[in-house]
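Here is the structure we will look at, set down as structure tokens.
Quick caveat, the model's predicted, so the values are computed rather than measured. We count ligands from 1, going down the list as the structure has it; atoms in each ligand are counted the same way.
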Amino acid sequence: MMIETRQTYQSRFETHLQAIESYLETCLAPQEPQVLWDAMRHGVLSGGKRIRPVLLLETCRASGGDLEKALPTACALELIHCFSLIHDDLPCIDNDDMRRGRLTVHKAFSEDMAVLAGDALYGLAFAQITDFAPQLSDRAKLRLLSALAWASSVKGLVNGQVDDIQFAHAAPDEQLLYRIHHGKTGALFRFSTWAGGLIAGQPEPILTRLSRYGDLLGLAFQIVDDLLDVQASADVLGKTPGKDQAQGKMTFPAVFGVAETERILKDRIAALHALLDELDGDLETEQLLYLVGFVEKRES
Ligand code: GRG
């Protein structure tokens with residue numbers, strides 16, 4: 001294991017962020033019809049944490065891969081994530097006015113434009129891999145496209161969201177809680193860490209472990225999200241706190257209470273440390289460990 005300083009981790013994280021912001025800005029350069037592109041830009045270029053594309057870039061780098069090769073797929077993933085947030089905020093789903101500290105897309109524009117901006121981002125995401133990733137082999141592109149298609153639809157985001165809607169106000173149920181988050185949050189996290197390894201050319205057994213890293217990290221991320229919804233203020237969160245409880249959502253604090261939720265989080269963090277210990281040697285794991293700390297300690 002190489003020993004690097006905290007400053008190195010932060011500056012590497014920021015380098016990833018700059019590459020992502022600059023790519024997203026270019027791929028969303030305004031076009032006609034202007035209102036559509038303005039709405040798409042509002043939904044994407046609005047200061048998200050970019051944790052999913054950072055994870056993809058970092059698992060690729062930690063695997064010895066080329067960051068330029070991974071960037072289009074990392075940003076495709078962020079476009080899909082932003083699409084899901086735009087649709088999630090719609091009046092017919094979560095009905096939120098604020099996201100990332102500013103008005104949601106349907107509030108800043110209109111409901112029809114928010115639906116269409118989301119739809120456009122979904123297609124634009126896949127086009128980043130097909131048209132703007134010449135360094136990837138056709139086989140790698142097909143595997144990435146297939147995995148992303150499943151993760152962002154019926155084996156991930158959408159089924160997770162359907163469960164989330166259907167089981168709002170249902171009796172607390174541990175199995176259901178994990179099922180919802182395995183889809184809604186876990187699918188894109190699993191994709192990010194698996195795809196980073198795939199692009200770097202890692203063998204299947206390592207890809208399986210990288211997926212597990214994404215899965216555990218996604219779960220930790222969601223647990224922190226649920227705790228923040230109970231504990232943080234609107235200013236810090238950039239969105240309305242306390243909404244989960246108001247909407248009767250199946251969250252970790254709702255099912256387990258806050259103290260037990262904090263214990264489960266510690267348990268998952270310990271499992272992440274153990275997994276990264278196993279991967280050390282095959283991968284440069286220190287920055288992946290730093291990202292575990294980032295997820296655990298985040299305040300918004
Ligand atoms: C077909 C893609 C698609 C979507 C339609 C609405 C929907 C189905 C799915 C919603 C999925 C969803 C909103 C999951 C929430 C996951 C989550 C923890 C979001 C917050 O992520 P952060 O904190 O947000 O990374 P930022 O703003 O930092 O990007």
Side-chain angles (χ1 to χ4, degrees), residues 13 17 20-21 24 40 42-56 74-96 98-106 111 114-126 148-166 168 177 179-192 214-215 217-229 232 234 236-241 243-244 247 249-252 291 294-300:
F13 192 112
L17 279 180
I20 292 160
E21 293 303 334
L24 290 172
M40 290 159 73
H42 186 97
V44 178
L45 306 174
S46 47
K49 289 180 286 299
R50 315 299 194 205
I51 183 71
R52 297 157 189 80
V54 164
L55 268 174
L56 196 154
C75 292
L77 178 60
E78 182 65 16
L79 293 177
I80 287 179
H81 166 63
C82 293
F83 156 42
S84 78
L85 298 181
I86 295 171
H87 279 198
D88 193 53
D89 290 334
L90 284 168
C92 61
I93 304 199
D94 269 3
N95 192 21
D96 256 306
M98 297 298 288
R99 163 81 62 189
R100 297 172 169 172
R102 54 189 207 156
L103 288 177
T104 47
V105 177
H106 69 272
E111 213 174 310
V115 171
L116 292 166
D119 293 344
L121 288 171
Y122 196 45
L124 191 66
F126 288 95
L148 195 52
W150 287 110
S152 61
S153 61
V154 292
K155 290 205 184 300
L157 273 186
V158 181
N159 50 291
Q161 180 65 24
V162 169
D163 283 342
D164 187 72
I165 291 170
Q166 281 196 320
L177 173 74
R179 191 172 96 185
I180 292 169
H181 296 313
H182 188 77
K184 251 186 95 164
T185 309
L188 294 192
F189 273 80
R190 285 192 296 280
F191 176 83
S192 70
D215 191 50
L217 198 62
L219 195 59
F221 185 90
Q222 184 60 52
I223 295 174
V224 172
D225 215 63
D226 286 358
L227 285 169
L228 287 172
D229 186 70
V236 174
L237 274 186
K239 60 181 183 181
T240 323
K243 272 216 95 167
D244 291 341
Q247 295 181 328
K249 289 289 171 72
M250 188 89 67
T251 64
F252 280 85
L291 291 172
F294 173 85
V295 164
E296 185 188 5
K297 306 267 156 50
R298 75 189 176 97
E299 290 175 349
S300 64

Nearest non-hydrogen protein atom, atom 24 (O) of ligand 1: His81 NE2, 3.5 Å

- line: Residues Leu177 and Met250: closest non-hydrogen pair is CD1-O, 3.0 Å

query: Identify the closest protein heavy atom to atom 16 (C) of ligand 1: which residue and atom is it, and at what distance?
result: Thr185 OG1, 3.8 Å

message: Out of all atoms in ligand 1, which are within 4.0 Å of some heavy atom of Val158? Include the element for each.
response: 1 (C)

query: Between Arg100 and Asp89, is there a side-chain N and carboxylate O pair less than 4.0 Å apart?
result: no

task: To the nearest 0.5 Å, tell me how far Leu121 CG sits from His81 NE2.
output: 12.0 Å

- request: Find all atoms of ligand 1 within a distance of less than 4.0 Å from any non-hydrogen atom belonging to Gln222, and give their numbers and elements.
  value: 18 (C)

field: Polar proximity ligand 1 side, Ser84 side, N/O cut 3.5 Å exclusive
entry: no

- prompt: Which residue holds the protein heavy atom closest to atom 27 (O) of ligand 1, what is that atom called, and what is the gap in Å?
  reply: Arg100 NE, 2.8 Å

query: Can a salt bridge be assigned to the pair Asp229 and Lys243 using a cut-off of 4.0 Å between side-chain N and carboxylate O?
result: no

query: Parallel, tilted or perpendicular: which fits the ring planes of Tyr122 and Phe83, with parallel below 30° and perpendicular above 60°?
result: tilted

- request: May I ask you to identify, for Lys184, whether its side chain, its backbone, both or neither come under 4.0 Å of ligand 1 on a heavy-atom basis?
  value: both

- prompt: Nearest protein heavy atom to atom 23 (O) of ligand 1, by residue and atom, and its distance?
  reply: Lys49 NZ, 2.7 Å

- prompt: So is Ser152 close enough to ligand 1, meaning a heavy atom under 4.0 angstrom away?
  reply: yes

- prompt: Got a sec, which residues hit salt bridge (charged side-chain N to carboxylate O under 4.0 Å, His left out) with Lys49, two or more places apart in sequence or on another chain?
  reply: none

message: Quick one: does any side-chain atom of Arg298 pair with a main-chain N or O of Phe221 as donor and acceptor, under 3.5 Å?
response: yes

statement: side-chain hydrogen bond (donor to acceptor under 3.5 Å, both in side chains) filter on Ser84, not counting sequence neighbours, yields none

- prompt: Is Gln161 close to ligand 1, meaning an N/O of one under 3.5 Å from an N/O of the other?
  reply: no

- request: Flag Arg50 as yes when one of its N or O atoms lies below 3.5 Å from any N or O atom of ligand 1, and as no otherwise.
  value: no

query: Is His87 close to ligand 1, meaning an N/O of one under 3.5 Å from an N/O of the other?
result: no

message: Quick check: do Asp225 and Thr185 have side-chain heavy atoms less than 4.5 Å from each other?
response: no

message: So does Leu103 get a backbone contact from the side chain of His42, meaning a donor-acceptor N/O pair under 3.5 Å?
response: yes

- prompt: Considering only protein heavy atoms, which is closest to atom 11 (C) of ligand 1, and at what distance to one decimal place?
  reply: Leu157 CD2, 3.6 Å

- line: among protein heavy atoms, the one nearest atom 25 (O) of ligand 1 is Arg52 NH1, 2.7 Å

Close approach, Tyr122 and ligand 1, non-hydrogen under 4.0 angstrom: no

- prompt: What protein heavy atom is closest to atom 3 (C) of ligand 1, reported as residue, atom name and distance in Å?
  reply: Phe83 CE2, 3.5 Å

